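See below for the structure under consideration.
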Amino acid sequence: MLMESTMIEKLREERYIFNLLKHIFWAEPAKEFLRDIQNVDIIPEEDEIDRGLNLIIETVKSNNSRLDEYLNDLSLEFARLFIGPKNPPAIPYASFYLSESKTIMSDVTIDVRKMYLDAGMAVQNLYSIPDDHIGIELEFLQYLTEKTIDLFEHGQREDASRLYEMREDFLNDHMASWIPFFADKVIESTQDDFYKGAAFILKGIIKNGHF
C-alpha cells in the first residue's frame, strides 16, 4: 500500500510537469501562467529536468518588473521558433522527424491518433491541427497520467496498470524517437531561457526513460 501511495505521489509530480510543458509548447504563454510560475521556488538541481525548471522559474522571476513586455517577447519567440512564417527552426510535429519525406500529416500522425482513440482521449482540435503536435502529445501523457492516478485511487489496479504501460510505451517508444532532436533544435535556436529550459526538461524526461 505504501508503494502504491508513493507511485501516486510521483505520478502527481509528473502530471504537473506534463501540464507545464503542454502550455509552453502549445501556445504563447498567458500572463496568469507566468504569474503562477513566479510563485514556484527554485529547487536543488539533480538532473536536466531540475535544471530546466530552474531556468524557467529564474527567467520569469527576473522579468517580473517588465512582465507585459516579456510576454510580448515570448510571443514573438514562440512564433519564430515553432510557427514561422516559413521554415521555423524547431518544427513541433513528430511526423517531420520520423517520416522519410520530412512532411507533416504522414502515417505517423495517423498512428498517434489511433493511440489517442484507443486510450479514450478526445482530441479537441481533431483534423484542424495534426495530432502529432508536441502540445497534443504532452496533453496525451497528462491525460494518461491523470487517468492512471484516478484508477489507482479507486482501487482499479488492473486498468491503472494498463494505462500506465500505455503511457510508458508512448513515452519510450514514440516520443523518445523524435523529442531529443526537437529539443536540441530549440536549445540551438533560442537565447531565451524560458524555451531553453522547457527543452532541457524534455531532454531529461527522455534521457531518464521515465521520471
Side-chain angles (χ1 to χ4, degrees), residues 1-27 29-30 32-33 36-37 39-41 43 46-54 56-57 92-94 108-109 111-126 129-180 182-183 186 195 197-211:
M1 198 67 179
L2 180 61
M3 184 180 297
E4 188 171 299
S5 177
T6 301
M7 173 177 276
I8 291 173
E9 187 58 37
K10 181 170 176 287
L11 287 170
R12 288 185 179 133
E13 294 174 2
E14 295 171 10
R15 176 181 59 187
Y16 169 81
I17 296 295
F18 291 138
N19 184 56
L20 175 74
L21 293 174
K22 176 187 74 175
H23 280 91
I24 289 174
F25 289 113
W26 180 248
E32 193 57 39
F33 180 66
D36 288 341
I37 292 175
N39 295 322
V40 179
D41 295 327
I43 58 176
E46 297 181 1
D47 54 25
E48 282 186 302
I49 296 175
D50 297 336
R51 178 188 179 191
L53 281 169
N54 284 341
I56 293 170
I57 295 166
Y93 298 98
V108 173
T109 314
D111 290 342
V112 168
R113 180 180 301 163
K114 289 177 181 175
M115 295 180 201
Y116 300 160
L117 294 174
D118 288 344
M121 186 181 87
V123 180
Q124 292 183 352
N125 296 284
L126 189 65
I129 297 174
D131 301 277
D132 59 343
H133 186 284
I134 186 171
I136 302 178
E137 294 200 357
L138 288 164
E139 182 179 359
F140 182 51
L141 288 174
Q142 182 188 354
Y143 168 84
L144 290 174
T145 305
E146 183 75 49
K147 294 289 289 184
T148 301
I149 292 170
D150 185 63
L151 289 167
F152 269 127
E153 289 179 337
H154 287 84
Q156 300 178 47
R157 293 176 179 82
E158 186 174 337
D159 289 337
S161 296
R162 180 181 64 84
L163 284 186
Y164 183 83
E165 289 301 321
M166 184 180 294
R167 189 189 82 134
E168 294 300 286
D169 289 344
F170 187 76
L171 180 62
N172 296 322
D173 296 339
H174 171 69
M175 294 193 79
S177 64
W178 75 277
I179 287 294
F182 169 77
V186 175
Y195 291 112
F200 277 123
I201 297 173
L202 285 174
K203 285 174 69 70
I205 292 170
I206 298 303
K207 179 184 291 185
N208 293 347
H210 51 76
F211 278 84

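None of the values given here were measured: they were computed from a predicted structure. Computed from heavy atoms alone, side chains included, the values below leave out hydrogens, waters and symmetry copies.
How far CE of Met175 is from CG of Leu138: 4.5 Å, rounded to the nearest 0.5 Å. Considering CD1 of Ile179 and CG of Leu21, their distance stands at 9.0 Å, rounded to 0.5 Å. A distance of 12.0 Å separates CG of Leu141 from CG of Asn19, quoted to the nearest 0.5 Å. Rounding to the nearest 0.5 Å places CD of Glu139 at 12.0 Å from CD of Glu146. Here CD1 of Ile206 is found 12.0 Å from CZ of Phe182. Values are rounded to the nearest 0.5 Å. Taking CZ of Arg15 as the reference point, atom NZ of Lys22 lies at 11.5 Å (rounded to 0.5 Å).
Residues passing the salt bridge (charged side-chain N to carboxylate O under 4.0 Å, His left out) test with Glu165: none are found, sequence neighbours excluded. A search for salt bridge (charged side-chain N to carboxylate O under 4.0 Å, His left out) contacts involving Lys203 returns Asp184, not counting sequence neighbours. When the salt bridge (charged side-chain N to carboxylate O under 4.0 Å, His left out) test is applied to Arg51, no partner is found at least two apart in sequence or on another chain.
Checked for salt-bridge contact, Lys10 and Glu13 miss the test: no charged N lies under 4.0 Å from a carboxylate O. The pair Glu158-Arg162 does not count as a salt bridge, with every side-chain nitrogen at least 4.0 angstrom from each carboxylate oxygen.
Between the side chain of His154 and the backbone N or O of Gln156, no donor-acceptor pair lies under 3.5 Å. Tyr143 places no side-chain N or O within 3.5 Å of a backbone atom of Ala122 that could act as its donor or acceptor partner. Between the side chain of Asn54 and the backbone N or O of Ile57 there is no donor-acceptor pair closer than 3.5 Å.
The aromatic rings of Trp178 and His174 are tilted relative to each other, their planes meeting at an angle between 30° and 60°. Note: Tyr116 and Phe170 have tilted aromatic rings, judged against thresholds of 30 and 60 degrees for the angle between ring planes.
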**Item:** Derivation and outcome, side chain to side chain contact (heavy atoms under 4.5 Å, CB included), residues Val40 and Ile56
**Value:** CA-CA 10 Å; Val40 179; Ile56 293 170; over 6 Å; no
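Of the listed residues (Ile136, Asp118, Asp132, Asp131), just one forms a side chain to side chain contact (heavy atoms under 4.5 Å, CB included) with Arg113, and that residue is Asp131. For the side chain to side chain donor-acceptor pair (under 3.5 Å) test with Arg167, the passing option among Thr145, Thr148, Asn172 is Thr145; the others fail.
Phe200 and Gly52 get closest at one heavy-atom pair: CB-CA, 3.9 Å.
Between Met166 and Leu163 the shortest side-chain heavy-atom distance falls below 4.5 Å.
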